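The chains referred to below are lettered A, B, ... by the order of the sequence lines, with proteins before strands, and numbering in each begins at 1. The structure displayed is predicted, hence computed values, not measured ones.
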Protein chains: 2
Amino acid sequence: MNSQLLLENIRNVLIRLEETIIFGLIERAQFKTNRVIYTPGAWPEATGQESIMGFLLHRTECNHSLLRRYTSPDEHPFFSDLPPPALPRLRFDENPLLPNQVNLNREIREHYEASIVPFICQDGDDSQHGSSAVCDVNCLQALSKRIHYGKFVAESKYREQPEAFAAAIEAGDCGRLHEMITDRATEERVLRRVARKALNYGRDLDDGEAGKDCGSPKIQPEQVVRVYREWIIPTTKRVEVLYLLERLRG
Amino acid sequence: MNSQLLLENIRNVLIRLEETIIFGLIERAQFKTNRVIYTPGAWPEATGQESIMGFLLHRTECNHSLLRRYTSPDEHPFFSDLPPPALPRLRFDENPLLPNQVNLNREIREHYEASIVPFICQDGDDSQHGSSAVCDVNCLQALSKRIHYGKFVAESKYREQPEAFAAAIEAGDCGRLHEMITDRATEERVLRRVARKALNYGRDLDDGEAGKDCGSPKIQPEQVVRVYREWIIPTTKRVEVLYLLERLRG
């Protein structure tokens, strides 16, 4: 089997991404919400119809596209008008996914801006617009990668019991598919691990100065757990179901 | 006194940057050295005379310059041919630094490419060129900010005993200046804290699966301590001395 479909390897990628996501959220939570950076066309002469954050996300994706980021099957761009890779294409391992159009980045971005930022950041404007946008781009890229990795999870699960999955797909039975891809014990383990990591990364580790405010408002572990429980895990599972539904249509 | 010069505030910025730097190094250490990304002109049609990493660094700085990153007195670009800010300038607190030309980014980049990457990454090429370059840009920006923060440290120390510093500066006595800015107890505390953070962030936090390889080669705490002891702290102090030497020339 393609190594990208081994559950152990998928698990390791997802564990590694937890750290990137948690640290990204901690970095963003240093700054206030700075809502102005999400307003479309707030500075039309600079960012056109895009917001400041969207402008930076777009330009970052242009750079990464030149470096062939989006030729990798586990990367999904937020924008479709990107330049082609300037570097010679790499030969990836054979792509184990079937062709599909699943890309939830539009809603990932909307949910991130409307719900995650106000949930983890203190409300207000601290003028740290550029720094906040840089953090947002890092968070969005990590969240997008994590959520779309559901495609690899789904393909791997499909191959374990192809007949049962094919029957549910052909019947268009989303509820059944959702049930088949759900592994509650694993989900609970992810949530416990995420809580431990968030506690661990958010801790102030100075010596002999207990009680001193280190000046960096960090994130609460329960906040990270809630983002995972209420949004990242369900949205990943939605990617899995959507991918499976497209799987037999191709 | 300008709040950016309060030693407590400076200390908090430096503590916060430790986390960004350590996490940045952990992220980079996932990938092999991938030396080809540091070769100037390796793909001239794509990156001109720059290396792949330099190309991405330059384009990232162009984006950040448009978002007025380099109007902030604690930011120093690696490139000088950047576009002017597209957003309206912010009114920063009065810049507490005296005008100066100290910018060690050229040597920071050289040392990072030649020494830090081979020290923290496994030697070889894993084709993760774009991902490695993205990590490099994050690391370089955090390292540059940390090291150049020495200017705020120096200005703050100068104002505590202006006569003594002025005398050493006028005599061009670098050894004396170096001695005056050195605080060995603080340096040792930084190193102990960095070791704890690196241990903490690099730990695998899975539950009930002790001994399992999590698939993410992380960094050794001693490696981070050595980077701090042998390079970050001494280079920050060099920035302090260079800033002080320029301080009375203006």
Side-chain angles (χ1 to χ4, degrees), chain A residues 8-9 11-13 15-16 18-20 23 26-27 30 37 42-43 45-47 52 55-56 59-60 62-64 66-69 72 75 85-88 90-92 127-131 133-134 138 141 189 192-194 196-197 200-201 203-209 212-216, chain B residues 8-9 11-13 15-16 18-20 23 26-27 30 37 42-43 45-47 52 55-56 59-60 62-64 66-69 72 75 85-88 90-92 127 129-131 133-134 138 141 189 192-194 196-197 199-201 203-209 212-216:
Chain A
E8 181 64 21
N9 291 350
R11 183 176 163 273
N12 288 336
V13 170
I15 289 176
R16 195 62 193 67
E18 286 163 8
E19 292 150 41
T20 308
F23 201 76
I26 289 174
E27 291 281 77
Q30 291 178 87
I37 69 174
W43 276 290
E45 62 277 24
T47 64
I52 292 175
F55 170 80
L56 182 65
R59 291 187 65 114
T60 302
C62 288
N63 292 344
H64 292 185
L66 290 167
L67 297 185
R68 70 193 162 202
R69 178 174 189 144
S72 172
E75 294 284 356
L87 298 180
L90 284 175
R91 292 188 47 189
F92 284 100
S127 297
Q128 299 287 333
H129 301 165
S131 302
V134 169
N138 289 338
Q141 289 185 322
R189 206 169 66 189
R192 286 197 303 273
R193 191 173 57 228
V194 162
R196 274 198 304 282
K197 286 182 180 176
N200 206 40
Y201 294 177
R203 249 202 307 236
D204 192 10
L205 287 170
D206 209 346
D207 53 345
E209 296 194 279
K212 267 209 167 184
D213 179 5
C214 84
S216 51
Chain B
E8 181 66 18
N9 291 348
R11 181 176 165 274
N12 287 337
V13 171
I15 288 177
R16 196 62 195 65
E18 285 163 8
E19 292 151 38
T20 308
F23 201 77
I26 289 175
E27 291 281 78
Q30 293 178 86
I37 70 174
W43 276 292
E45 63 276 23
T47 64
I52 292 174
F55 169 79
L56 182 65
R59 291 186 65 113
T60 303
C62 289
N63 291 344
H64 292 185
L66 290 167
L67 298 186
R68 71 194 161 198
R69 178 174 189 143
S72 173
E75 295 284 356
L87 297 181
L90 285 175
R91 291 188 48 187
F92 285 101
S127 297
H129 301 166
S131 303
V134 169
N138 288 338
Q141 290 184 322
R189 206 170 65 189
R192 286 196 304 271
R193 190 172 57 227
V194 161
R196 275 197 305 281
K197 287 182 179 177
L199 179 66
N200 207 39
Y201 294 176
R203 249 202 308 235
D204 191 11
L205 287 171
D206 210 346
D207 54 346
E209 297 193 280
K212 268 209 166 183
D213 180 3
C214 83
S216 53

Answer with side chain, backbone, both or neither: which region of Thr20(B) has an atom nearer than 4.5 Å to a non-hydrogen atom of chain A?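 The answer is both parts of Thr20(B).
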Ignoring hydrogens and geometry, is there a side-chain-to-backbone donor-acceptor pair from Asn200(A) to Tyr201(B) under 3.5 Å? no
Would you say that Arg68(A) contacts His129(B) through its side chain, given a criterion of any heavy-atom pair below 4.5 Å between the two side chains?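 Result yes, sub-4.5 Å side-chain heavy-atom pair found.
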Once rounded to the nearest 0.5 Å, what's the spacing between atom CD of Glu27(B) and atom CG of Asn138(A)?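 Taking CD in Glu27(B) and CG in Asn138(A), the distance rounds to 9.0 Å.
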Which residues pass the ring pair (Phe, Tyr, Trp, His ring centres under 6.0 Å) test with Phe23(B), not counting sequence neighbours? Phe23(A)
State, to 0.1 Å, how close [X] and [Y] come at their nearest heavy-atom pair, and which atoms those are.
| X | Y | value |
| --- | --- | --- |
| His64(B) | Val134(A) | NE2-CG2, 3.5 Å |
| Leu87(A) | Trp43(B) | CD2-CE3, 3.6 Å |
| Asn63(B) | Thr60(A) | ND2-N, 4.0 Å |

Tell me every residue that passes side-chain contact (heavy atoms from CB on, under 4.5 Å) with Leu66(A), counting only those two or more places apart in sequence or in another chain.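 In terms of side-chain contact (heavy atoms from CB on, under 4.5 Å), with neighbours along the sequence ignored, Leu66(A) is linked to Pro83(A), Ala86(A), Phe55(B), Arg59(B).
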